[in-house]
Asks: 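Have a look at this one before I ask anything.
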Amino acid sequence: MFGDSFFFISEAFTSLKRSGIMIIISIATIAVSLIVFGVFLLLTANLNNIAEFVTSKLEIRVYLNNSMTVSEIQNFKTEIAEMPSVKSVEFISKDIAWDVFKKSFQKLELNDLVGINPLPDSFKVSMYNGREVKKVAKYLEDKFSGYVDDVGYTGHIAERIEMLAACAKYGGLGLVVFLTLATLFIIVNTIRLTVLARNDEIEIMLLVGATKYFIRGPFIIEGFIMGVTGGGAAVSFLYFFYLLFATKIQETIPFFPLVFDKDKLNSIYAVVLLLGAVLGTLGAYISVSKSLSYENMRIRK
Amino acid sequence: MFGDSFFFISEAFTSLKRSGIMIIISIATIAVSLIVFGVFLLLTANLNNIAEFVTSKLEIRVYLNNSMTVSEIQNFKTEIAEMPSVKSVEFISKDIAWDVFKKSFQKLELNDLVGINPLPDSFKVSMYNGREVKKVAKYLEDKFSGYVDDVGYTGHIAERIEMLAACAKYGGLGLVVFLTLATLFIIVNTIRLTVLARNDEIEIMLLVGATKYFIRGPFIIEGFIMGVTGGGAAVSFLYFFYLLFATKIQETIPFFPLVFDKDKLNSIYAVVLLLGAVLGTLGAYISVSKSLSYENMRIRK
Amino acid sequence: MIRIHYLEKEYDNGFLALNGINLHIAKDEFVYLVGSSGAGKSTLLKLLFSVEKPTSGDVFIDSVSLKTLPSKQIPYLRRNIGVIFQDFKLLPRRTVFENVAFALQVMHYQRYRIRKQVTQVLELVGLQEKMSNFPSELSGGEQQRICIARAIVNNPPILLADEPTGSLDPDTSWEIMQLLSKINARRTTVIVATHDKGIVDDIRKRVVALENGRIIRDSELGSYN
Amino acid sequence: MIRIHYLEKEYDNGFLALNGINLHIAKDEFVYLVGSSGAGKSTLLKLLFSVEKPTSGDVFIDSVSLKTLPSKQIPYLRRNIGVIFQDFKLLPRRTVFENVAFALQVMHYQRYRIRKQVTQVLELVGLQEKMSNFPSELSGGEQQRICIARAIVNNPPILLADEPTGSLDPDTSWEIMQLLSKINARRTTVIVATHDKGIVDDIRKRVVALENGRIIRDSELGSYN
Ligand SMILES: Nc1ncnc2c1ncn2[C@@H]1O[C@H](COP(=O)(O)OP(=O)(O)OP(=O)(O)O)[C@@H](O)[C@H]1O
Ligand SMILES: Nc1ncnc2c1ncn2[C@@H]1O[C@H](COP(=O)(O)OP(=O)(O)OP(=O)(O)O)[C@@H](O)[C@H]1O
Ligand SMILES: [Mg+2]
Ligand SMILES: [Mg+2]
């Protein structure tokens, strides 16, 4: 009923105003647990970003058969470029490769020692996803064995980085799930404690003829307000903290791949606020329902 | 007084027994927040392990001047080996290097192309700590420029891995500090809620002539018991969860560098339990003191 | 109106508080419930109000059996019964006005009607000046009068008063009892559990005496002893 | 024993509950404090017990000024004053025995002495059978009697009783008042705030009447009105 909603809301505000320290403590607890949650959302997002950044620099070198013609090379390049996981393909002629090689060993004066360029032409293949490097390398080696002399990639280090990236991704996901549950538990329990402290009041309300629905209303709205307030406080904290922190890091290590994407950050903040609101409401609902059914027990057989 | 301690302890147990659901909820909240704390201790320990594992595979290649004598090489090797951050030094003669090089490019039949071995002798230097690779490389290059032709290391990828490792270490430390604060806050608040719900009782105790000391005693012991119980529950959970999880991961990815060091794990569990005990006691102390000073206010001017 | 039928109440700890109670109370009756401390007066009222369920036997209010009344119906039963509780049962975080108003709010009264009826009833018990105080700021007698005001504010057809003058001085007690008589005259069933010998002997009504959970006397226009 | 000196008490909300009270009570006196609901009886007792501090004027107990008494000393003051509270103030999660025992535990009595004295006093108020019940399992009068038992268990030199028979039937009330008289005869100062006209008129003692926070009458062996 509309009239009731209005009554519930005004009751909720009056009650919050008069509860004093208990409500403040609950809201603070809710805020802190949401901050922990938010910090780990931000962390996970950044870990994923870092993992992607690191792995995106992994590349495959495809060393070509000396016998390939220019058009064959062109076709082959197109074919690789069209693979879904490949971002770009660059042709490195053996001359350029030899120059680079020589530059790496400048002091050896290789030109004096080695008359002819011993290196082959090659493709430098960049991938979207570092974790597919190994797969693609294997594929190219098998499929184009006729054209290809050798396929190299950053090897063991790549594997380890892949591992880290996978860790960040799946570990992060697991953490988020775990932390959501922990946050849920802490917030619901905190609200439950505040409701339990008011069991006497609930009993009196039942005695003067209030229905469960009527008692539940204001409590649920109180829970919602507590959740939203706690969530809001958490988001403000996270916002300023991240801004400060990210700016500091960026100043110290300019190339550090932090998440600065507004949409991504905003969606994290939205999740935190929403979680606060949902858990506050849910917590109040569960708590008052349990208190009511407990009070119901008081009408003894 | 000894007699009081005994009284306080028996009072605390009686009170806990009779508080029912409120205490159970508080202990559960304490346990969950300690689990979150513990999970992140374990995580940080593992991240550091992974970072160390990855970076420990980084190495420096010192390419030597062709003109060096065997004894010069020997002395140089000893000198490098004695650097505190160096784990081991291996001499790779140019012949071996050439063999490896040729093996990498088997299909090029380098012997046919290149008559003489163009590569220099070199040292393969392994480090204890991956993050010092860059520093040491620079140092070697500067100090021994007479002997050394070139110093190479895994370059950009190394830098990125270094970064990750630093991240894991300092970020992990920051996280632990942050989570300790958050856990402290949540636990203290939770206990504060249970004490607040009993303000009426505290008031009555004051009215019948109890001193603050006498009221505080059982509450503090209750807080300690709650903290230890919550901490114990958290440790049990962490222990079984980690065992299960680590075994699963080890089965799937055998080379994954998880922490299995009993001492390290035990010290983490000890920290969790200790934190529970300390925060439970502290929380109770703070809460009951605040309640008592609030009640004191009730003796109005 | 109220029929009590072989009623027995044993508390969870095994204490038999009521034992074989049979009682009929007509719609327009005014009944004193007397008996020494622990006789079972409050227990009987609690059963009428469905705070406790009978162990055996039954209570019928307007022919409705409380033994089988579904718990969803209890709030509606209670709205028809005003109760003055022995321990007041005031909401600590609501003002005097709000405490009394709550009994009307649960019944979805309009705001202006709530304001009018609550103001009226608070004047009746002499608490108009304490309207915006909280219960903790009131004297014992004042708290008892809020409880009385709350019980009668919605003119319930049944009024249960458990020791309604225990914290009141003789003059105020007398006024309150006159008020309850007046309410009874408007065809409200009134049951008053009391220790106030003076009042029972002065304002003569039906007296039901309990002892150890049994009715030992039931006399029209009786005296305390 | 007790000297009250131009005492004034204004509550936080500005209500003047006591106004210019002067009163001397000797060590062996028994004083009734009477007055209508809200007259200030409980407020006066609260000041004697240091639950409220005077706004102006002072209270001296054994020549100790309560106005300047450091709050650390309050527990020790309170141990010398037994109080029967109007609203009982029982610890809900302690049994009857434990509630009474607590008043001795705070004074570090030996276990066996606690057991002996508590059992004795519970017999005195007729609650020996309810020893291990919780307050919520007791009738109003039974709760009041625990409160009485707790107030007298350590034989305090001063006894303050705020409406000690409000929930008791006339016979039990009579017994309790006899008990208080006996305690007074053992040179305990007894102050009883009460509405019980019957008792005040039957057991004649000094009567101090309050109205609107002022003393309007103070008569040796006086009557209620
Ligand atoms: N919840 C309970 N559990 C166990 N025993 C109870 C409970 N409530 C009341 N009793 C016991 O039942 C008996 C009757 O209690 P009741 O409250 O009905 O007495 P009463 O007649 O109202 O007494 P009073 O005049 O003192 O208020 C008492 O002896 C009391 O100890
Ligand atoms: N904490 C408080 N804040 C404000 N006013 C108060 C407070 N306590 C009591 N009062 C007011 O002071 C007046 C005296 O209260 P007190 O409790 O002393 O009355 P009393 O004589 O004991 O009455 P009763 O017989 O009803 O118990 C009352 O009008 C009451 O409303
Ligand atoms: Mg009763
Ligand atoms: Mg009073």
Side-chain angles (χ1 to χ4, degrees), chain A residues 21-22 25-26 28-29 32-33 35-36 39-40 43 47 50-51 53-54 57-58 63 65 104-108 110 113-120 149-150 152 154 156-158 160-161 163-164 166-167 171 175 178-179 181-183 185-186 189-190 192-194 196-197 253 255-256 290 294, chain B residues 21-22 25-26 28-29 32-33 35-36 39-40 43 47 50-51 53-54 57-58 63 65 104-108 110 113-120 149-150 152 154 156-158 160-161 163-164 166-167 171 175 178-179 181-183 185-186 189-190 192-194 196-197 253 255-256 290 294:
Chain A
I21 190 73
M22 199 151 205
I25 289 173
S26 302
T29 305
V32 166
S33 61
I35 287 171
V36 172
V39 162
F40 286 98
L43 209 79
L47 270 182
I50 292 168
F53 168 77
V54 173
K57 298 287 161 137
L58 295 177
Y63 299 95
N65 209 307
S104 307
F105 296 99
Q106 249 169 355
K107 301 198 179 124
L108 301 185
L110 279 170
L113 297 165
V114 187
I116 336 144
N117 177 355
L119 298 178
D149 262 340
D150 196 6
T154 334
H156 278 303
I157 286 181
R160 267 174 233 132
I161 290 176
M163 193 180 76
L164 272 183
C167 243
L175 270 186
F178 163 69
L179 267 168
L181 290 176
T183 311
F185 196 81
I186 290 173
N189 273 357
T190 300
R192 192 131 159 58
L193 288 179
T194 69
L196 272 174
I253 323 170
F255 62 88
F256 201 97
K290 285 206 178 170
Y294 164 76
Chain B
I21 189 75
M22 199 152 203
I25 288 173
S26 301
T29 305
V32 166
S33 60
I35 287 171
V36 172
V39 163
F40 285 98
L43 208 80
L47 269 182
I50 292 169
F53 167 75
V54 173
K57 300 286 162 139
L58 295 177
Y63 298 96
N65 209 306
S104 308
F105 296 98
Q106 249 169 355
K107 299 196 180 125
L108 301 182
L110 279 169
L113 297 164
V114 187
I116 337 143
N117 176 357
L119 298 177
D149 261 341
D150 196 5
T154 335
H156 278 303
I157 286 181
R160 265 174 234 132
I161 290 174
M163 195 179 73
L164 272 183
C167 245
L175 270 185
F178 163 70
L179 266 168
L181 290 177
T183 310
F185 197 81
I186 290 174
N189 273 357
T190 300
R192 193 133 159 55
L193 288 179
T194 68
L196 271 174
I253 322 170
F255 62 87
F256 200 98
K290 285 204 179 174
Y294 164 78

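Letters go in sequence order (proteins before strands), and every chain restarts at 1.
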Asks: Looking at B:Thr194, B:Asn189, B:Leu179, which makes the most heavy-atom pairs under 4.5 Å with chain A?
Replies: B:Asn189

Asks: Shortest non-hydrogen contact from B:Ala197 to B:Met22?
Replies: CB-CE, 3.3 Å

Asks: Got a second to check how far A:Ser26's OG is from B:Arg192's CZ, nearest 0.5 Å?
Replies: 11.0 Å

Asks: Quick check on the interface: out of B:Ile35, B:Leu196, B:Thr183, who has the most heavy-atom pairs with chain A under 4.5 Å?
Replies: B:Leu196

Asks: Go through the atoms of A:Leu43 and report whether side chain, backbone, both or neither lie under 4.5 Å from a heavy atom of chain B.
Replies: side chain

Asks: At a heavy-atom distance under 4.5 Å, which candidate from A:Leu181, A:Thr190, A:Ile186 has the highest pair count against chain B?
Replies: A:Ile186

Asks: Taking all heavy atoms of B:Thr29 and all of A:Phe185, pick out the closest pair and write down the distance.
Replies: N-CE2, 4.1 Å

